[in-house]
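Report on the structure given below.
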Amino acid sequence: MTEIRETQVLVIGGSLIGLTCSLLLSSLGIEHVLVDRRPHTSDHPRARLYDRRTMELLRRFGVQREVEATGIGDLWTRQNRWIHSLTGPQIAQVPTESFQMAPVDYSPSMPVMGAQDLIEETLWKAAREQPAAEVRFYTNAEDLEQDADGCSANLRDRDTDQVEQVRARYVVAADGVNSATRELISCPLGGQTFDVYMQDILFEADLSRWVGNRVGGLLFMLTRYGMGVYQPMDGALRWRVQLPNWDPERGDLPVETAREYIVEAVGVDASELDLEIQSIRPWRFIAGLSKHFSNGRIFLAGDAAHAFIPTGGMGSNAGFSGAHNLIWKLAYVLQGHAPDSLLDTYEEEHRPVAEHRVALSIENGQLAANIVRTYMSDGDMAEAERNCHQYGSYEGMIMAYEYRSALCQAETEPPPTVENEHRDFIPVVRGGRRAPHAWLDPQRTLSTLDWFGTDYVVMICGAVEAEGAAWRSSVDDYRARGFPIRIEQMLHATNTPYAESEAVIVRPDGVVAAHTVRGDSRSPSELLDRYLPLIRRGR
């Protein structure tokens, strides 16, 4: 009889989101196997922006500083530009506050605009070091099946052709926009497929003498070949360009044609430009969501669950957010802390967030193109620039989304009023929102966000002794039953949103489950029993 390898979770796909799932599983003590059919991590970077919320998650893994070191820096990330060529006139300029690698008072982290291949390798190295993880590249997951008790698959080593059978309680498929797993579980990708075919070119060249002070996170070049999007990968020699209008029936883009495109965009004679094309990848605009994010014991994450127009970093960051939502729930079910029904809240909570961002990615693409249309028609460029501001300025979208499910208190009061809900953000304690950041030490090294990750946390705000004693008694009772929950006390909360709350219950993913206010009549046990995902025992 063939020996069957037993594990708790099988992760299919080892790009950014699959590796993040692995790191989250390891942090929660869940044994798992990750497989990826590629021989190594990405060598042609696609994802490039890691927003503030994603960087808060990477802070938890201890890789934040390493990822920050890959970023192109503050000067490059302050604006997007539309220009005829690097030597030609500028058409438009739009600020990009949410791209900018600069500190803010409401987060311990900064966004990073960096190359996917470098960041993916960082996550891969961190994932491999975890005792709970077995990370296997150049390995196919074949013949995936599920039954009432778990999932089975054959893991084929592509180097040796040896096959190992694996049995897992659950499967997380992060195998990309062309996910084979998604089709296998009958969850097709809905939405729009656009007749826009792109050629993605990675190249090296010193363009500094022509870029000058017209730096930008995205440089939209309006040449006779169409509007190419030039992207600095390291702020020095490494560049990526997305070229539109390529007829797929013509086959792959020839290297010489790619070279002609780039020379045209720089606006110089070919003899002046020392240029090395490193790789070319074709792709097509797709935007939409899978019919469902799961089927039975198999869950979809990242691009397997939702596909985006690549405008403003919506796709990869939605993938990080979804993984953050899903993995702690899997862990709590596997460890017997919560009922299987907890897993239903993954799609219930994450789908509206992903759906909103998919729509925005399409809208951003239209707004960017509208700048060119307005310019060509001699229209109002100031208005076109204002309308496109949301392309790179969307703190409200990143930080202020609210999950809606039985896991989170429904608020009776509206959120704080802001001028632009998409762009502006005011930290507040609200059910379903990210718990606000506050520094806990004068040196600004420890954040309230560092308290979250494995347990439910009850934050006692201020020196409220009577209420604090009642909360400690209730929390001790739930801990005695085996539920992972603990108390943390904030003694100095006068200048944070927590000053408005007596106690705040925070989920392992850093989301507020519930909170009290002064004079609240609800008891600690009442609130905990209502908002903790407890297994209800028969009486």
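Excluded from the calculations below are hydrogen atoms, water molecules and symmetry mates; all remaining heavy atoms, backbone and side chain alike, are included. Predicted model, so just to flag it, every value in this text is computed and none were measured. FYI, the numbering just counts along the sequence from 1.
Of the possible donor and acceptor atoms, none in the side chain of Glu395 sits under 3.5 Å from a partner among the backbone N and O of Ile426. In this structure a side-chain-to-backbone donor-acceptor pair under 3.5 Å is missing from Ser26 to Leu24. Panel note: side chain Thr448, backbone Pro436; a donor-acceptor pair is recorded below 3.5 Å. Looking at Gln8, its side chain does come within 3.5 Å of a backbone N or O of Glu31 through a donor-acceptor pair. One N or O on the side chain of Thr77 and one on the backbone of Gly73 form a donor-acceptor pair closer than 3.5 Å. Side-chain atoms of Arg507 do not come within 3.5 Å of backbone N or O of Gly432 as any donor-acceptor pair. Asp147 places a side-chain N or O within donor-acceptor distance of the main-chain N or O of Gly150, the cut-off being under 3.5 Å. Remark: the backbone N or O of Ile485 is not paired with any side-chain donor or acceptor of Asp455 at under 3.5 angstrom. No donor-acceptor pair under 3.5 Å is formed between the side chain of Ser179 and the backbone N or O of Asp175. Judged purely by atom type and a 3.5 angstrom limit, Gln116 uses its side chain to pair as donor or acceptor with the backbone of Ala47.
Residues satisfying the side chain to side chain donor-acceptor pair (under 3.5 Å) test with Asp74, not counting sequence neighbours, are Arg78, Gln100. Looking at residues two or more places apart in sequence or on another chain, you find a side chain to side chain donor-acceptor pair (under 3.5 Å) between Arg240 and Asp200, Gln231. Taking Asp143 as the reference, Asn154 meet the side chain to side chain contact (heavy atoms under 4.5 Å, CB included) condition, with sequence neighbours excluded. Listed by chain and residue number, nothing satisfies the ring-ring contact (aromatic ring centres under 6.0 Å, His included) test with Tyr391 (two or more places apart in sequence, or in another chain). Listed by chain and number, the residues in a ring-ring contact (aromatic ring centres under 6.0 Å, His included) with Tyr478 amount to none (sequence neighbours excluded). In this view, Thr96 satisfies the side chain to side chain donor-acceptor pair (under 3.5 Å) rule with no residue, not counting sequence neighbours. For Phe425, the ring-ring contact (aromatic ring centres under 6.0 Å, His included) test picks out Tyr106, with sequence neighbours left out. For Tyr230, there are no ring-ring contact (aromatic ring centres under 6.0 Å, His included) partners at least two apart in sequence or on another chain. By the side chain to side chain donor-acceptor pair (under 3.5 Å) test, Arg5 pairs with Glu134, sequence neighbours left out.
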Mind running side chain to side chain contact (heavy atoms under 4.5 Å, CB included) on Asn140 and Arg158 for me, showing each step along the way?
-> CA-CA 7 Å; Asn140 287 352; Arg158 299 184 65 192; 3.2 Å; yes
*Evaluate side chain to side chain contact (heavy atoms under 4.5 Å, CB included) for Arg486 paired with Val458, printing each intermediate quantity in order.*
CA-CA 6 Å; Arg486 70 179 196 275; Val458 175; over 6 Å; no
Between Ser290 and His306, is the side chain to side chain contact (heavy atoms under 4.5 Å, CB included) condition met? List the steps.
CA-CA 6 Å; Ser290 175; His306 33 65; over 6 Å; no
Do Glu204 and Arg238 pass the salt bridge (charged side-chain N to carboxylate O under 4.0 Å, His left out) test, and can you show the C-alpha distance, the side-chain angles, and the key distance before you say yes or no? CA-CA 5 Å; Glu204 281 196 0; Arg238 199 175 186 219; 5.2 Å; no
Go through Thr54 and Asn317 one step at a time and tell me if the side-chain hydrogen bond (donor to acceptor under 3.5 Å, both in side chains) criterion holds.
CA-CA 6 Å; Thr54 291; Asn317 291 300; 2.7 Å; yes
message = Show, in sequence, the C-alpha distance, side-chain angles and deciding distance for Trp328 and Tyr456, and conclude whether the ring pair (Phe, Tyr, Trp, His ring centres under 6.0 Å) test is met.
response = CA-CA 11 Å; Trp328 75 268; Tyr456 266 74; 5.8 Å; yes
query: Stepwise, does the side chain to side chain contact (heavy atoms under 4.5 Å, CB included) test hold for Leu202 with Met233?
result: CA-CA 9 Å; Leu202 189 68; Met233 303 303 290; 4.3 Å; yes
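The salt bridge (charged side-chain N to carboxylate O under 4.0 Å, His left out) test with Glu56 singles out one residue from Arg53, Arg60, Arg59, Arg52, and that residue is Arg53. Each of Leu449, Val104, Thr496, Asp450 was compared with His437 under the side chain to side chain contact (heavy atoms under 4.5 Å, CB included) criterion, and only Leu449 meets it. Checking each of Leu34, Leu19, Val135 against Arg128 for a side chain to side chain contact (heavy atoms under 4.5 Å, CB included) leaves exactly one that passes, namely Val135.
The two residues Thr345 and Asn325 have their closest heavy-atom pair at O-OD1, 4.2 Å. Nearest heavy atom pair, residue Phe320 against residue Leu16, reads CZ-CB, 4.1 Å. Between Tyr531 and Cys408, the closest heavy-atom pair is CE2-C, 3.6 Å. Summarising the geometry of Thr70 relative to Val67, their closest heavy-atom pair is OG1-O, 2.7 Å, with the distance given to 0.1 Å. Closest non-hydrogen pair, Pro533 versus Phe483, comes out as CD-CZ, 3.8 Å.
Salt bridge status for Glu349 with Lys329: present, with a side-chain N to carboxylate O gap under 4.0 Å. Between Glu120 and Arg38 there is a salt bridge, since at least one side-chain N of the basic residue sits less than 4.0 Å from a carboxylate O of the acidic one. A salt bridge is defined here as a Lys NZ or Arg NE, NH1 or NH2 lying under 4.0 Å from an Asp or Glu carboxylate O, and Glu164 with Arg136 meets this definition. A salt bridge between Arg167 and Glu6 is absent, with no side-chain N of the basic residue lying under 4.0 Å from a carboxylate O of the acidic one. A salt bridge between Glu355 and Arg357 is absent, with no side-chain N of the basic residue lying under 4.0 Å from a carboxylate O of the acidic one. Salt bridge annotation for Arg281-Asp43: present, with a cationic side-chain nitrogen under 4.0 angstrom from a carboxylate oxygen. For Glu129 and Lys125, the salt-bridge test fails: no basic side-chain N is under 4.0 Å from an acidic carboxylate O.
Phe293 carries Arg351 over the face of its six-membered ring, with the cationic atom under 6.0 Å from the centre and within 45° of the normal.
From Ile119, atom CD1 reaches atom OG of Ser316 across 9.0 Å, with rounding to the nearest 0.5 Å. For the atom pair His350 NE2 and Tyr403 OH, the distance stands at 7.0 Å (nearest 0.5 Å). Here CG of Leu300 is found 13.5 Å from CD1 of Ile17. Values are rounded to the nearest 0.5 Å.
The side-chain hydrogen bond (donor to acceptor under 3.5 Å, both in side chains) contacts involving residues 421-431 comprise Glu402-Arg430, where partners must be two or more places apart or lie in separate chains. Residue pairs meeting the salt bridge (charged side-chain N to carboxylate O under 4.0 Å, His left out) criterion with at least one member in residues 291-306, sequence neighbours excluded, do not occur. For the ring pair (Phe, Tyr, Trp, His ring centres under 6.0 Å) condition, the pairs that include at least one residue of residues 50-77, sequence neighbours left out, are Trp76-Trp239.
Atom CD of Gln443 is surrounded by more than 12 heavy atoms from other residues, nucleotides or ligands within 6.0 Å.
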